[in-house]
A.B. asks: 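I have a structure I would like to understand better, so I am pasting it below and will then ask my questions one at a time.
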Amino acid sequence: MVRAQSFSEQSMSFFSSVSGRVLTALALGLALGAWVQSTGAAPNWLVSTADAIGGIWLGGLQMTVIPLVLSLLVVGVAAVSDAMTAGRLTARAMMLFTGLLVIAITLSLLGYPAVNALWPVDAASAASLMAGVTGGEPAPAAQAVEFGAWLRSLAPTNPVTAAAENAILPLVIFALAFAFAVTRLPEHQRTLLVSFFDAVADAMIVIVNWVLLVAPIGVFALALTLGLRSGFGSTGALIHYVILISGGCILVALAAYPLATIFGRVPLARFARAIAPAQVVAFSTQSSLGTLPVMVERSVEHLGVPERVAGLVLPLAVALFRLTSPVANLGVALFICHVMGVEPGLGQMIAAGVVAFAVSISSVGLPGQTSFFISIAPICLALGAPIDLLPLLLAVEVIPDIFRTVGNVSADMAVTAVLNRGQDSDDEAVAPTDA
């Protein structure tokens with residue numbers, strides 16, 4: 001039996017983790033900067049030095065975005081293609097995953113702007129946060145693009161130029177077309193190309209993890225700059241962010257209950273009892289993969305899902321499906337737009353939805369700190385929003401990440417119940433009749 005950790009042991013484990021160190025660095029940098037600012041003696045060299053160190057660290061993350069997105073899309077599409085040919089249940093699972101992701105993206109694109117309008121970030125706190133990041137300069141507004149020109153831009157005449165200019169949606173479209181073309185090649189060529197891009201993605205992740213090793217230094221420098229420029233004025237905006245993104249993930253978890261009850265025909269109380277232990281494990285581990293054994297056991301023993309169904313659907317869901325990914329990622333990008341005064345147009349919102357879908361199926365399985373920047377930076381680029389805020393938001397992501405995992409685990413067990421009901425119908429349809 002695994003011995004339960006004491007509170008002190010859990011605290012030590014937390015503060016020795018990347019998330020704990022980064023959050024500590026954020027608090028220390030912000031506090032030190034605010035104290036120096038309060039003395040009225042913040043030297044220019046300190047501000048410029050901290051800003052430069054933070055900028056170098058941010059650049060280290062940013063340089064991996066384009067090659068990693070391209071590589072992950074090729075590998076992800078190949079995995080989806082393999083899954084779709086693996087049998088009827090797998091194909092049905094993929095179609096259900098796709099449908100739910102599209103619904104989640106649509107609701108997020110409609111819901112977050114409405115929430116931001118009804119419950120805006122405190123103007124003074126938003127101004128402090130923006131001033132701390134931009135040095136008091138206004139953030140560049142998203143440029144309005146004529147719809148016809150936007151449509152023409154979707155087919156890049158030069159993918160290399162699109163990558164250099166951070167034109168993320170044309171690049172994603174090219175990458176998807178290339179990835180689907182790879183799946184139609186002969187097996188030996190397909191294997192060679194997928195292995196190559198898998199290796200490129202792994203190499204980029206190694207670089208990202210190197211950069212994240214010094215994340216406390218980078219975040220401390222950025223937080224110090226923020227504190228020197230705006231004091232504690234930005235704290236309210238960061239708390240607002242945590243509540244907003246956590247709330248979106250909690251709504252995903254709550255949506256799992258009617259999904260299982262209405263479409264899976266599982267009584268609400270029964271589903272709630274079955275899913276509760278898995279949610280507790282997800283809350284404590286922040287890992288869908290680590291929660292997988294509990295999800296399988298609860299689905300089989302308490303939801304009556306056959307082991308052959310749970311053993312196929314749940315690992316597939318963990319590998320290729322995260323319902324909170326587009327919800328939270330779009331929420332982060334739209335929060336940045338709201339705070340920085342960026343008003344994306346219809347084309348940019350559509351682009352953000354397409355990119356959110358693409359990165360959600362391609363970045364599954366990455367560590368939390370790695371996937372945060374890689375998943376959200378392309379969406380920000382699609383919206384025309386600056387990515388300078390992402391490192392500071394990464395520092396407080398430890399709280400929303402808990403609810404991301406709980407939402408994913410809840411959705412995974414709900415779709416398993418739905419697919420099990422459909423599987424029962426299929427079995428009845430093909431069952432032999434008595435003569």
Side-chain angles (χ1 to χ4, degrees), residues 22-40 42 47 50-51 54 58 107-142 219-251 327-344 349 352 372 376 379-380 383-404:
V22 169
L23 189 58
T24 302
L26 173 70
L28 290 176
L30 191 59
L32 179 60
W35 175 76
V36 173
Q37 188 216 38
S38 69
T39 66
V47 178
D51 193 31
L58 176 60
L107 292 177
S108 297
L109 289 172
L110 295 174
Y112 279 113
V115 172
N116 288 331
L118 294 173
W119 183 47
V121 178
D122 177 73
S125 183
S128 296
L129 185 60
M130 185 167 61
V133 171
T134 64
E137 299 177 1
V219 170
F220 176 82
L222 291 169
L224 178 61
T225 304
L226 181 62
L228 291 170
R229 288 173 173 165
S230 62
F232 284 114
S234 60
T235 306
L238 293 175
I239 295 173
H240 189 114
Y241 163 80
V242 169
I243 296 173
L244 180 70
I245 306 305
S246 299
C249 295
I250 290 171
L251 287 178
V327 173
N329 293 343
L330 284 168
V332 175
L334 291 169
F335 172 84
I336 292 175
C337 289
H338 175 60
V339 168
M340 306 298 280
V342 176
E343 297 183 1
M349 295 288 278
F372 178 83
I376 299 170
I379 301 174
C380 290
L383 288 169
I387 64 171
D388 306 68
L389 269 180
L390 285 179
L392 294 174
L393 300 182
L394 169 64
V396 295
E397 177 62 17
V398 60
I399 299 173
D401 190 50
I402 293 173
F403 298 103
R404 283 178 182 251

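Worth saying up front: this structure is predicted, and the values here are computed from it rather than measured.
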A.B. asks: Measuring only between side-chain heavy atoms, which start at C-beta, is Asn329 closer than 4.5 Å to Arg404?
C.D. replies: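 The answer is yes; the side chains approach within 4.5 Å.
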A.B. asks: For the atom pair CG (Leu30) and CH2 (Trp35), what is the distance rounded to the nearest 0.5 Å?
C.D. replies: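 The CH2 atom of Trp35 is 15.0 Å from CG of Leu30, to the nearest 0.5 Å.
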A.B. asks: Tell me the closest heavy-atom pair linking Ile250 and Phe403, and the distance in Å.
C.D. replies: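 So the two residues come closest at CG1-CD2, 3.6 Å.
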A.B. asks: With a 4.5 Å cut-off on side-chain heavy atoms, are Ile379 and Val332 touching?
C.D. replies: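 No, their side chains stay 4.5 Å or more apart.
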A.B. asks: For His338 and Val121, indicate whether the former's side chain and the latter's backbone hold a donor-acceptor pair under 3.5 Å.
C.D. replies: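 Flag set: sc His338 to bb Val121 pair under 3.5 Å.
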A.B. asks: Write down the atom of Ala25, the atom of Ala223, and the distance for their closest heavy-atom approach.
C.D. replies: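 Shortest heavy-atom separation between Ala25 and Ala223 comes out as O-CB, 4.4 Å.
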A.B. asks: So Met340 and Pro386, do their side chains get closer than 4.5 Å, heavy atoms only?
C.D. replies: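 SC-SC contact between Pro386 and Met340 confirmed.
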A.B. asks: Tell me the closest heavy-atom pair linking Ser108 and Leu334, and the distance in Å.
C.D. replies: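 Looking at all heavy atoms of both residues, the shortest contact is O-CD1, 4.0 Å.
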A.B. asks: Between atom CG of Leu244 and atom CG of Asn116, what is the distance when rounded to the nearest 0.5 Å?
C.D. replies: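 That separation rounds to 6.0 Å.
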A.B. asks: Kindly indicate whether the side chain of Leu26, heavy atoms from C-beta on, has any atom under 4.5 Å from the side chain of Leu392.
C.D. replies: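 Sidechains of Leu392 and Leu26: in contact.
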A.B. asks: With sequence neighbours left out, what residues match Tyr241 under ring pair (Phe, Tyr, Trp, His ring centres under 6.0 Å)?
C.D. replies: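 Expected list: Phe335.
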A.B. asks: What distance do Ile402 atom CD1 and Ser246 atom OG have between them, rounded to the nearest 0.5 Å?
C.D. replies: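 Answer rounded to 0.5 Å: 8.0 Å.
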A.B. asks: Could you tell me the separation between the CG atom of Asp401 and the CD1 atom of Ile245, rounded to the nearest 0.5 Å?
C.D. replies: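 Asp401 atom CG to Ile245 atom CD1 measures 12.0 Å (nearest 0.5 Å).
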A.B. asks: When you compare the side chain of Val242 with that of Pro400, does any pair of heavy atoms fall below 4.5 Å?
C.D. replies: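 Result yes, sub-4.5 Å side-chain heavy-atom pair found.
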A.B. asks: Just how far is it from atom CG of Leu393 to atom CD1 of Ile387, taken to the nearest 0.5 Å?
C.D. replies: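 Nearest 0.5 Å value for the CG-CD1 distance: 12.0 Å.
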A.B. asks: Which atoms form the tightest heavy-atom contact between Val339 and Ala126, and what is the distance?
C.D. replies: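 Reported closest heavy-atom pair: CG1-O, 4.0 Å.
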A.B. asks: Before you tell me yes or no, could you show the steps for Leu390 and Glu397 under side-chain contact (heavy atoms from CB on, under 4.5 Å), namely the whole-Å CA-CA distance, both residues' side-chain angles and the distance that decides it to 0.1 Å?
C.D. replies: CA-CA 10 Å; Leu390 285 179; Glu397 177 62 17; over 6 Å; no
